[in-house]
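Quick caveat: nothing in here was measured; it's all calculated off a predicted structure. In what follows, chains are A, B, ... by sequence order, proteins preceding strands, each numbered from 1.
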Protein chains: 2
Amino acid sequence: MKKDTNNATSTTVYEVARVAGVSPATVSRFLNGTAKISDEKRASIEKVIEQLNYKPNVLAQSLKMGSSRTIGVLTQSLVSGYFNEAMTGIDEAMKDAGYVPLIMTGHWHASEEAERVELLIARRVDGLVILTGNMSDAQILQYSNRVPIVAFGRKLEGKQAFGFCLDNYQAACDAVDYLIEQGHRRIAFIEGPPEQEDARARLAGYRDTLARHNIEVNPKLIVPGDFLESGGLLAVNQLLETGQRFSAIFAGNDLTAYGARLALYRRNIRVPEDVSIIGFDDLHSSMCTTPPLTTVRQPLFDVGTCIGQIMLKMINHEKFTVDIPALSLVVRESVRRIG
Amino acid sequence: MKKDTNNATSTTVYEVARVAGVSPATVSRFLNGTAKISDEKRASIEKVIEQLNYKPNVLAQSLKMGSSRTIGVLTQSLVSGYFNEAMTGIDEAMKDAGYVPLIMTGHWHASEEAERVELLIARRVDGLVILTGNMSDAQILQYSNRVPIVAFGRKLEGKQAFGFCLDNYQAACDAVDYLIEQGHRRIAFIEGPPEQEDARARLAGYRDTLARHNIEVNPKLIVPGDFLESGGLLAVNQLLETGQRFSAIFAGNDLTAYGARLALYRRNIRVPEDVSIIGFDDLHSSMCTTPPLTTVRQPLFDVGTCIGQIMLKMINHEKFTVDIPALSLVVRESVRRIG
DNA sequence: TTGAAAGCGATACCAC
DNA sequence: GTGGTATCGCTTTCAA
């Protein structure tokens with residue numbers, strides 16, 4: 001065997017045992033508190049571990065125990081404030097239980113996602129978290145035969161799988177309700193990518209709420225976007241260039257709202273004096289836009305801890321109940337009352 | 001041994017070997033292309049692997065090979081756009097070489113950082129990248145005896161360690177030069193946390209450049225910040241409340257600039273008509289603020305790939321030369337020419 | 001080409 | 001309480 005000789009060979013239980021004059025088994029017992037050890041040997045082992053600066057090889061432990069104390073997280077982008085807030089929550093929840101997240105990126109591409117999941121499984125993660133993405137539910141259910149999975153952004157139920165969404169539809173309804181309360185009737189909507197369930201739910205909420213208020217849904221006021229700033233910018237340009245009239249914009253998400261806001265700025269259209277904007281997500285920076293953005297808060301950190309807790313229960317074969325965090329409207333300054 | 005019985009026991013080389021009617025050694029050779037195998041056995045193995053859906057246990061491989069094909073990344077915050085852009089670059093650079101990043105968070109806390117590094121080493125990462133943080137150089141050099149390290153945000157040179165910074169000082173000079181070129185004389189500066197080298201370098205650049213232009217450095221115009229929006233907001237409030245006069249603000253970083261901009265907005269002070277703002281970092285969202293922020297671009301993605309490449313060379317004991325990415329001023333719309 | 005067997009570093013069963 | 005040792009799943013000599 002040709003071992004990489006990069007680093008000094010680290011000490012092993014055997015080494016410690018030899019120096020301390022005990023058996024490897026005893027050292028192991030000391031490490032894990034698996035059994036009583038005479039004070040004498042305990043002291044000796046303690047000392048040797050200290051002086052040899054011994055650290056157990058987690059790889060070996062994992063192999064032996066059949067558990068890597070690692071949970072795989074499939075995210076879609078490392079730079080998304082949206083995903084990363086959830087990630088932080090997951091990390092927080094798993095940390096105390098001694099699990100570390102192994103993060104991989106799917107880039108919203110089903111085949112890449114599948115590839116990463118395989119990689120994660122090959123590394124023997126004890127559990128798998130899937131943050132949205134484009135794989136089919138069936139595929140995920142399939143994977144859940146090999147490893148417990150909790151998914152976010154899709155409803156899922158299986159022997160070793162659980163997935164949940166936030167109620168985007170209801171939140172979108174609330175947002176539009178709010179706009180209407182503030183006197184708005186001509187409300188434009190900038191869509192997200194139609195293949196994302198969240199985007200569809202938000203659109204549906206928009207449509208239904210207008211209808212419920214007997215406001216005609218004008219298809220010209222619904223423009224495509226991509227959940228990115230550029231999409232928001234383009235969308236507003238399109239709205240303006242085709243001469244639509246509107247007093248408020250419901251942006252598919254905050255990034256879209258940023259782009260929309262910039263497009264307005266470019267044409268000297270004031271927010272909220274001339275046009276109101278409402279977003280969706282409540283990214284951290286939405287607190288500090290000018291004006292601060294009124295938006296729907298996604299409690300992603302809570303989602304993360306929620307995911308972590310479910311994961312833990314699942315790994316330990318414990319029953320769990322889920323308390324899905326609620327979306328809420330956060331009213332800041334980008335919407336003005338009119339009429 | 002009490003193995004976790006969570007999942008169906010996965011197939012092993014032995015199983016494959018048995019079914020295929022060959023020895024485990026041959027299966028291994030097939031997997032790694034380590035030796036020539038007769039077409040007959042090759043076909044047989046291929047078939048069995050397929051039908052058993054066999055995947056090698058990476059843990060076992062790692063243990064045996066003494067390499068986990070994992071590199072540890074110590075970051076400071078999972079939600080920082082700044083760090084995550086670098087992370088993406090690292091991921092990109094390491095991916096093709098078959099390495100996956102294991103990410104842990106230090107939260108700018110030396111003791112927590114050390115703890116995470118120990119954890120990473122215990123998991124036998126083949127290399128370690130440290131993104132800034134508050135550990136001492138000495139401590140890092142110490143760790144580099146156990147694992148090759150490349151650090152960002154500090155200069156470092158060692159047998160198995162390398163660290164580099166971007167030239168924050170020069171970039172800060174350029175930024176202030178630009179402001180002065182545009183006619184500004186009364187330029188306020190919002191500091192970052194003084195324990196961060198970058199923050200100190202930016203302040204020094206500010207001071208020196210003013211001095212070079214024979215502009216008196218007014219200590220009242222230098223206000224503390226924390227590299228966060230809140231700090232920028234508070235700083236501008238302080239500036240305004242103590243009645244300072246200034247035509248431009250050099251914010252320690254973009255987040256600070258966002259806060260500063262909001263503070264101005266609150267008092268109906270226009271940007272850039274009344275006050276100009278320049279930031280530092282060029283976070284993604286700075287493109288879409290109103291007005292789009294003039295700032296110093298940190299090529300963090302390139303930094304990431306650079307780190308990745310160095311890491312790879314280091315792991316393979318190859319010589320490497322470093323081409324440190326350059327900072328650059330990106331002129332957008334938050335600075336106005338005056339006077 | 002191929003197989004037998006040793007060993008990576010830890011744990012846990014079985015005996016004493 | 002403690003030690004010997006088989007074992008986790010894989011790779012790689014060494015022999016054939």
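Between dG4(D) and Ser23(A), no contact under 4.0 Å exists linking OP1 or OP2 to a side-chain N or O. Side-chain nitrogen and oxygen atoms of Ser28(B) include none within less than 4.0 Å of the OP1 or OP2 phosphate oxygen of dC10(D). Close to dC8(C), at under 4.0 Å from its OP1 or OP2, lies no side-chain N or O of Asn57(A). Contact annotation: Lys64(A) side-chain N/O to dA6(D) OP1/OP2 distance is not under 4.0 Å. In this model, the phosphate group of dT2(D) is approached by a side-chain N or O of Ser38(A) to a distance below 4.0 Å at OP1 or OP2. In this model, the phosphate group of dG3(C) is approached by a side-chain N or O of Lys41(B) to a distance below 4.0 Å at OP1 or OP2. Dashed line: the shortest gap from a side-chain N or O of Gln61(B) to OP1 or OP2 of dT11(D) is under 4.0 Å.
Along DNA chain C, the nucleotide nearest Ala60(A) and the nucleotide nearest Val22(B) are compared for position; the residue whose nucleotide lies closer to the 5' end is Val22(B). When the nearest nucleotides of DNA chain D are assigned to Ala25(A) and Tyr54(B) by heavy-atom distance, the more 5′-ward of the two goes with Ala25(A).
You'll find that the side chain of Asn32(A) is closest to dT11(C), out of dT2(D), dG9(D), dT11(C). With dG9(D), dT11(C), dG1(D) as the choices, the nucleotide that has an atom nearest any side-chain atom of Val13(A) turns out to be dT11(C). Comparing dA6(D), dA12(C), dT11(D) by their nearest atom to the side chain of Met65(B) picks out dT11(D).
Judged by atom type and distance alone, Arg124(A) does not reach the base of dG9(D) through any side-chain donor-acceptor pair under 3.5 Å.
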- Between Phe83(B) and Thr132(B), does a side chain to side chain contact (heavy atoms under 4.5 Å, CB included) hold up when you go through it step by step? CA-CA 9 Å; Phe83(B) 287 115; Thr132(B) 69; 3.4 Å; yes

- Show the numbers, then the answer: is there a side chain to side chain contact (heavy atoms under 4.5 Å, CB included) between Tyr143(B) and Ile130(B)? CA-CA 11 Å; Tyr143(B) 285 126; Ile130(B) 298 182; 5.7 Å; no

- Do Leu131(B) and Ile307(B) pass the side chain to side chain contact (heavy atoms under 4.5 Å, CB included) test, and can you show the C-alpha distance, the side-chain angles, and the key distance before you say yes or no? CA-CA 10 Å; Leu131(B) 300 176; Ile307(B) 290 173; 3.9 Å; yes

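Across the protein-nucleic acid pair, Leu63(A) atom CG and dA12(C) atom C1' stand 14 Å apart, rounded to whole Å. For the pair Leu59(B) CG and dT11(C) P, the interatomic distance rounds to 14 Å; values are reported in whole Å. Going from atom CD of Glu15(A) over to atom C1' of dG9(C) covers 13 Å, rounded to whole Å. Rounded to an integer number of Å, the gap from Leu52(A) CG to dG9(C) C1' is 15 Å. Here the C1' atom of nucleotide dA10(C) and the CZ atom of Arg123(B) are 15 Å apart, to the nearest Å.
Side chain to side chain, Ser10(A) and Arg124(B) meet the donor-acceptor criterion of an N or O pair below 3.5 Å.
Formation of a donor-acceptor pair under 3.5 Å by the Glu113(A) side chain with backbone atoms of Asn134(A) is found in this model.
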